[in-house]
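Data block below; observations after.
Not measured: the values here are computed from a predicted model. Below, chain A is the first sequence line, B the second, and so on; all start at residue 1.
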Amino acid sequence: MTEDNQQSVWQVIVAIPAGKVASYGQVADLAGLPRAARWVGRLLKNLPADSTLPWHRVVRADGRLAFATGSERYQRQQQRLRAEGVLLRNNKINRQYFQY
DNA sequence: TGAGTGACTTGAG
DNA sequence: ACTCAAGCCACTC
């Protein structure tokens, strides 16, 4: 995929306000890339560790995090979200999704 | 060339 | 509420 697509995805993600979340598919749609949910996930996976991008605000469509429950990355994301007031109930997000 | 694999989603049982 | 299957797209052997 192109640099432009990558740019669009990043713009969408930085536009997600603290305290809200968006799903991978939602991010893809807003970036003008329908059906590219997996691609968005791969993009975040390859994200440099020092990136300031709020990647933690991107979750699965069903409200669960994309990582195995309790895993290292899972807990890191959960902690970031909790710092913004987004709590998990039964492994699922308890706050509203980003509306556009 | 092709099978396997995900930081995914949706629909059917 | 849970599991399965299929669709999805790029990457890796």
Side-chain angles (χ1 to χ4, degrees):
Chain A
M1 283 282 131
T2 69
E3 293 279 332
D4 291 347
N5 292 340
Q6 189 170 282
Q7 281 278 331
S8 324
V9 170
W10 283 343
Q11 285 177 12
V12 169
I13 295 180
V14 297
I16 305 171
K20 304 240 173 170
V21 297
S23 77
Y24 292 88
Q26 197 177 359
V27 169
D29 287 343
L30 292 178
L33 303 167
R35 299 185 293 295
R38 300 199 87 128
W39 186 76
V40 171
R42 195 164 42 248
L43 204 57
L44 295 188
K45 178 182 187 175
N46 299 334
L47 206 60
D50 58 357
S51 174
T52 60
L53 200 72
W55 53 268
H56 54 284
R57 297 182 190 145
V58 184
V59 300
R60 285 197 197 175
D62 61 5
R64 297 171 65 246
L65 304 190
F67 303 113
T69 308
S71 67
E72 188 79 22
R73 303 213 313 272
Y74 180 97
Q75 297 197 2
R76 195 154 39 104
Q77 181 172 15
Q78 181 180 15
Q79 181 176 357
R80 280 172 172 266
L81 288 172
R82 188 173 56 234
E84 298 179 347
V86 178
L87 302 179
L88 295 178
R89 187 192 293 287
N90 297 352
N91 298 336
K92 297 202 175 173
I93 242 51
N94 195 12
R95 285 289 196 286
Q96 296 181 10
Y97 276 69
F98 177 39
Q99 305 276 331
Y100 49 99

(Q) I'd like to know if the side chain of A:Gln78 and the backbone of A:Asn91 have a donor-acceptor N/O pair within less than 3.5 Å. (A) no

Q) Do the non-hydrogen side-chain atoms of A:Val58 and A:Ile13 ever get within less than 4.5 Å of each other? A) yes

Q. Under 4.0 angstrom, heavy atoms only, what part of the nucleic acid is A:Arg35 near: base, sugar-phosphate, or nothing?
A. sugar-phosphate

Q: List in numerical order all residues of residues 19-27 of chain A for which some heavy atom is under 4.0 Å away from an atom belonging to DNA chain B.
A: A:Ser23, A:Tyr24, A:Gly25

Q.
Could you tell me how far B:dA7 sits from C:dG7 if I compare only their P atoms? Round to whole Å.
A. 22 Å

(Q) Looking at A:Lys20 and A:Glu84, is any side-chain nitrogen of the basic one under 4.0 Å from a carboxylate oxygen of the acidic one? (A) no

Q.
Can you list every stem that DNA chain C is part of, counting only runs of 3 or more consecutive Watson-Crick or G-U wobble pairs with both distances under 3.5 Å?
A. B:2-6 with C:9-13, B:8-13 with C:2-7

Q. Is there a side-chain contact between A:Asn5 and A:Trp39, using heavy atoms and a 4.5 Å cut-off?
A. yes

Q. Would the number of heavy atoms belonging to other residues, nucleotides or ligands and lying under 6.0 Å from CG of A:Asn90 be above 12?
A. no

Q.
So, taking the atom named CG in A:Asn94 and the one named CG in A:Leu87, what distance separates them when rounded to the nearest 0.5 Å?
A. 6.0 Å

Q. Would a distance-only check, ignoring hydrogens and angles, find a side-chain to backbone donor-acceptor pair under 3.5 Å from A:Arg57 to A:Ile16?
A. yes

Q) Could you give the start and end, 5' to 3', of the contact zone on DNA chain B for chain A, using atoms under 4.0 Å from its heavy atoms? A) B:dG6 to B:dT10

Q) Would a 4.5 Å heavy-atom cut-off, applied to side chains only, mark A:Trp55 and A:Gln77 as touching? A) yes

Q.
So A:Leu81 and A:Ile93, do their side chains get closer than 4.5 Å, heavy atoms only?
A. yes

Q. In residues 85-98 of chain A, what residues come within less than 4.0 Å of DNA chain B, judged by heavy atoms?
A. none

Q | Stretch residues 46-68 of chain A: residues that reach within less than 4.0 Å of DNA chain B through a heavy atom | A | A:Trp55, A:Arg60, A:Ala61, A:Ala66, A:Phe67

Q: Could I get the full list of side chain to side chain contact (heavy atoms under 4.5 Å, CB included) partners for A:Ser23, not counting sequence neighbours?
A: A:Gln26, A:Ala61, A:Tyr97

Q: Nearest 0.5 Å please: distance from the CD atom of A:Gln6 over to the CG atom of A:Leu43.
A: 5.0 Å

Q: For the pair A:Ser71 (side chain) and A:Ala68 (backbone), establish whether a donor and an acceptor sit closer than 3.5 Å, ignoring hydrogens and angles.
A: yes

Q) What is the distance from atom CZ of A:Arg73 to atom CG of A:Leu65, rounded to the nearest 0.5 Å? A) 12.0 Å

Q) Atom CG of A:Asn5 to atom C1' of C:dA10: distance rounded to whole Å? A) 13 Å

Q | Contact summary for A:Arg64 and A:Val59, nearest pair of heavy atoms | A | O-CB, 3.7 Å

Q.
So, taking the atom named CZ in A:Arg82 and the one named CG in A:Leu88, what distance separates them when rounded to the nearest 0.5 Å?
A. 9.0 Å

